[in-house]
Amino acid sequence: MLFSNNINIGIVFLCIIFFNNNAEASRCLFVSSYHQGYEWADGIEEGVKKILKNYCELKQINMNTKHFKDEAYKIQKGKEIKEFIEQWKPDVVIAADDNASKYLVVPYFLNSDIPFVFCGVNWTVAEYGYPAVNITGMIEVSPVQEIFEKIQAIIPNAKQGDYIGVDTLTEQKSFERFNKIAKRFSLMLRKRLAKTQSEWSEFYKGAQKKDFLILGTKSGIEDWNDEIAYQVVLKFGRKFSITDYEWMTQFAVLGLTKIPQEQGEWAAKSALEILNGTPPNLIPIIPNQHWDMIINDQLLSNVNVNVPEYILLNSKKVNVR
Amino acid sequence: MLDSRFLQLKLIYTWRMSTAFVFCTIFAALLIWVVLLVENQIAENLFRVKAEAAYSKLLQKLNDNKTVISALSGWQHSQNREQTSELRIFSKEILSNYPHISSIQYIKKIPRKDREAFEHKMQEDGYATFGITQKNQKGLIETRPEKDNYFPTTFIEPLEPHTARILGFDMLSDQIVAQSIKIAMESGKETITPPVDILGGGKGLIVFKATYKGKVVPTDKKSRIDQINGLFAVSIVANDIKPFVVSAFSSGTTNIVLQHNEIDDRSGELLSHIVDKRTDGFADLFPSFNIMIDLSHAGQPVTLHVWRKANFSDYNFKVPIGIFLLYLTILFLIRLSLKGDLKHGVASEVAQDEIFKEKELAEVTLHSIADGVVTADINNNIDYMNEVAEELTGWQKNEAEGKLLNDIVILCNEHNPNDINNIFSRENIKNDIGELTENYLLKRNDETQYSVKLSASRIRNRSGDIVGTIIVFRNVTSERKMAQLMAYQARHDELTGLYNRREFEYQLKRSLEKCERGGDSDVLCYLDLDQFKVVNDTCGHSAGDKLLIQVTHILRINIRESDILARLGGDEFGLIIKSCSIEKSVEISTVLHNAIKEFHFSWEGKVFSIGSSMGLVKVSPEIGSAAEVMSAADSACYVAKDKGRNRIYAHTMNDHELLVRHGEMQWVHKINEAFENKRFRLYRQIVQPLLDASNPVHYEVLIRMEDEHGVIVPPMAFIPAAERYNVMPAIDRWVIETSFSMMKQENNQQLIYNINLSGKSINEDGFLEFIIEQIKSYEIYTPNICFEITETAAISNLASATEFMKTLKSQGCTFALDDFGSGLSSFTYLKNLPVDYLKVDGSFVKDLMDDAIDRAMVSSIAQVGRVMGIKTIAEFVENNAIKQQLSIMDIDYVQGFGIGEPEEWVIVKSIDSIKTKCDRNRLFKQG
């Protein structure tokens, strides 16, 4: 009955993967807030599978909340997964990204007997009532401090810059975080959150009067076209730009990016600890520790800055078009 | 008769056969016994060599930990701030190079007062469950311990769900490791724990080394305890090093136990590898090989016990069997001989064949191992080498055979390739080399050099006589290079390649020790670049780095090879001039000084003249410890700077200048007392319009201090100390608040008050907000305020000074640039500074009448001021002649004893009374 309903609304568990047919194996459920094909979610999924594939029977449910943003849908989705959990009785559940916590864990499973491991939750978990006895996980933080350190290393006289992102709650929070740290570096940061690609392009052109640009994500701009954005950046980009999103590194001179696989691997390793008998609340909640440095040589050649040698040597190269 | 003869012959034959049988049997038995004894000796020697190899591997692993933790603490001391991300990268590199190290921790000291803020910061950074925990006396974990200082783990690599639990745990609360931590903190050296459980990974050891504030380890115990800021901990799980140790034995029946001597039970057993538990009857027939090696390490008494029962495989029974066959053959031959039918050599051929096969078997075994093996006979002539030895020496076995061991295995001192070791020379044949385990450089016949770990021992027979030598060596070149690289990085400055401060202090101590032993005394030169900050602030850090590299080159080519040059940090360099008098050192320093002076640094079209200030001090026990010698040189350098920079100052015993410098410390105390007892006073000195009487009159606000006897102390007695020891911001705040209070009472909007601000204050967080708040609080009419800042203060941090000035100008205040013209690049920066007045440096004014250059300078400043719309003020105007000359030069304002002396600020409500007073003063001076 549960599955027939899902088929009727056209958004069922998009991918249910069985790695182990052994009926005696532990049961692990991986709930992704998003959908397969979304780069960040795919990275977390890759990390989870890499660790768990030989240790438990793993099922995956995607909430698909990037495509379906309606509040009622998300609440309904949380309820369906809750019913599935009660039916299938997993030994541990991994809840990736904020919506899985907000619509599944918090309403139904806070302080329950089923262990949960969250990952990809942005910056703080206090709003979800974590930590709780049955919950542990990894918080997703951006390398904000490191980004400003790189800006000062590359542009010693920088004073002001623009933060260009998307008009979403996540990006709003992200800007506030950047702005708070910017003040520690005596830098002024202006908020530019776009709803459409043309607005983003205007913001980008306007930012050339500043000393630097920080690029937030593009996710959420529905008419986004990479090629158009790239042409804008190539034609007008004369100021140093930096981003913390991997999928934005093609538009920025330097990228310091979070590694979604790290989130997935940590959550899966924590799940294994729990399966081995460790109570969730004895595994500390920690932030992500690693990020990649990615340099865009083509854009760098358009910008009149000196990038220190140690950054060039330790950076990966972005794929040049 | 015939029967009798036959019987006689038979008896003779029987007697001869019996005699031959008895003699041959005894001889054969003895021979077999000797062969078995020799083989037993060889087997035991081989066992001993392998045990030594295991010991050396284990020792190497333990020493690796010292290397690693020293590198970590050295790295930490070289950093200016905590850099967790860089530490994580560094730690990952270490763990990949040293797989036997299971984890690296950093334990940070948190004083009680900082605890809540620290926990909050960690939680805000994403460690949502972070809190400081400890074990209580019952061994239970508690979350709100109360103590003066906490030592929680703040960093661990690898960070995994099971290791993350250690984050926040106060290591000092664990009684097993607490003693080691305390010793590490007090001694500044590496300490090691007794066996402990390592994060659920099994039993192991933890090595600790403390880190301290500043860039050096304090020299005395009290300072070390006071200045500690954390510790590094490197953990080794015994099971992780087991494979390295066990791999030394190709035989699988060797038992290995590593035991802490003071803990007898199983909890003291670090490593146990028991594989031979034979109790059958055969086992008792064989002897045991048994070695106990003391492996005491960093204060922990540990013994490596290796033993095993010999077995059939240890003996070559084919040789005794051959002997037995030979024995039968000889008997048979004797019998044949006796019968007149003897065939020679049959049994001997069989025996030779067996020996040949045996030799082949041994060679195949030795060819298959990864270490080089060379054996030599009693004369040290090589009789065997395996393939690895061929590769490492460059000699083929057939070429090397018969040659002297010393000519083939060429061993050199690890630190001096020209120092060839003759331990295996013919002269040393009879010498007992013991059980040698050393590191050497091995020279290949094509001059290639390898670092090798060499084990060698003499082979002895049962009587203890040397019968040969066996050498086993392993190529450790890559490990050694890694260790050398890390050691190099710990001793050198990354940017310039010079020694760093740590190494320099070590060299200074050696220099001091040499002097104490009666050797020649050296001279320490402390060098500070004068324009580095300007280059760094105006052109960026890349330019600053390039400048330091170029100056390093200049210094290098101008010093002797024996002298020791180091970068001490920032733009400071240190030089130990070896075996040199102070007079000769002044000559050498002058050469360096002139070379830097002649060098012009250019960056993107801008050219900077670079100067240097140098302080010299004789390295002598009379000065004190190494730290005190450094301090004396630093002080001498400060005196050089204080005397106007770009010069050399040599320290002598009972040096007056240095006593003055040390005396400044006393002034800090006096200044604080003056604050407490309200003994500061405000004076003011008139700044009079010269050309245009409609310009408003200014008063420069001056500070004076009363000593404890009520005597006024001149400002130059305490201001230098206040500037050097960061008391100026407090004084400036007092001056501003008191001045505003006086201005409010005086309520005269026709006067402008010039208030001096120090460079330190301008750059202090919150100072700008303080001024704005005071303006509002006292409702000050801001056009009455003119702040004076010195040219040096403005240029030293141009960006923040400009921002500071712009903000206050937007409030209505004005600015005067004090001591203008004293700097090298005054005019260059003038257009960037939003100033309203230029105060010509008094040194140009006071000799104006006698010095044409000074006149030209003042005239230029007046001209530039007029072009830029900036009014000019001349100070040090001591007489009417100077005033008249300044009037000709179009200077707008004059100030000095010829115009009006400083006087205590009393409330005057009328501008006329001020003017009257001013005229009276002037007349009095002129009269």
Side-chain angles (χ1 to χ4, degrees), chain A residues 51 117-118 121-126 128 130-132 135-146 149 152-159 177 180 186 256 262 265-274 276 278 280-291 305-310 314, chain B residues 81-89 91-93 121-131 133 141 153-169 200 494-495 535-546 603-604 763 765 768 797-800 802-804 832:
Chain A
I51 301 298
V117 184
F118 69 82
V121 169
N122 282 296
W123 288 108
T124 174
V125 290
Y128 299 134
Y130 304 162
I135 291 165
T136 183
M138 175 172 266
I139 293 175
E140 176 197 334
V141 298
S142 296
V144 181
Q145 177 94 4
E146 287 69 22
E149 282 175 7
Q152 288 211 324
I154 293 166
I155 319 167
N157 298 322
K159 287 191 174 56
R177 176 72 59 171
K180 185 176 175 185
S186 302
L256 284 185
E262 183 192 6
E265 284 180 21
W266 180 271
K269 284 177 182 172
S270 299
L272 282 182
E273 283 283 305
I274 291 165
N276 286 333
T278 306
N281 60 345
L282 287 190
I283 303 173
I285 296 172
I286 67 158
N288 49 307
Q289 307 285 319
H290 304 288
W291 41 82
V305 293
N306 290 321
V307 178
E309 199 171 347
Y310 78 92
N314 288 296
Chain B
R81 61 182 177 84
E82 276 188 50
Q83 302 198 56
T84 306
S85 57
E86 278 80 356
L87 177 58
R88 196 166 293 289
I89 292 167
S91 300
K92 275 182 184 298
E93 201 172 310
K121 180 187 167 293
M122 289 294 282
Q123 288 161 7
E124 203 175 40
D125 287 347
Y127 295 86
T129 47
F130 184 87
T133 58
I141 299 292
T153 297
T154 57
F155 170 89
I156 183 163
E157 181 63 33
L159 182 62
E160 299 287 351
H162 71 279
T163 62
R165 267 175 265 167
I166 198 79
L167 292 173
F169 178 67
E494 194 180 358
L495 179 68
V535 172
N536 224 18
D537 289 348
T538 54
C539 300
H541 295 296
S542 304
D545 288 351
K546 188 178 171 193
W603 183 265
E604 293 176 348
N763 291 314
D765 283 346
L768 179 61
N797 203 333
L798 198 61
S800 66
T802 309
E803 197 60 39
F804 181 91
N832 295 321

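Note on naming: letters A, B, ... go to the chains in the order of the sequence lines (proteins, then strands), and numbering restarts at 1 for each one. Just so it is clear, the structure is predicted and the values come from calculations on it, not from any experiment.
The shortest heavy-atom contact between Ile286(A) and Leu159(B) is CD1-CD2, 3.4 Å. Between Gly540(B) and Pro156(A) the shortest heavy-atom distance is CA-CG, 4.2 Å. The shortest non-hydrogen separation linking Gly126(B) to Ile139(A) is O-CD1, 3.3 Å. Minimum heavy-atom separation, Glu160(B) to Trp266(A): C-CH2, 3.4 Å. Here the shortest heavy-atom pairing between Arg165(B) and Leu282(A) reads CG-O, 2.9 Å.
When the side chain to side chain contact (heavy atoms under 4.5 Å, CB included) test is applied to Asp545(B), the partners found at least two apart in sequence or on another chain are Leu495(B). Remark: Pro280(A) pairs with Pro115(A), Thr136(A), Ile274(A) by the side chain to side chain contact (heavy atoms under 4.5 Å, CB included) rule, at least two apart or across chains.
The candidate with the highest count of non-hydrogen atom pairs below 4.5 Å against chain B, out of Pro131(A), Ala126(A), Pro284(A), is Pro284(A).
At least one donor-acceptor pair closer than 3.5 Å links the side chain of Thr129(B) to the backbone N or O of Ile285(A).
Atoms CD and NE2, from Gln152(A) and His541(B) in turn, are 7.5 Å apart once rounded to the nearest 0.5 Å. Here the CG atom belonging to Asn276(A) is positioned 11.0 Å from the NE2 atom belonging to His162(B), to the nearest 0.5 angstrom.
Residue contact with chain A, scored on non-hydrogen atoms closer than 4.5 Å, is absent for Gln123(B). Ser270(A) touches chain B through backbone and side chain together, each having a heavy atom under 4.5 Å away.
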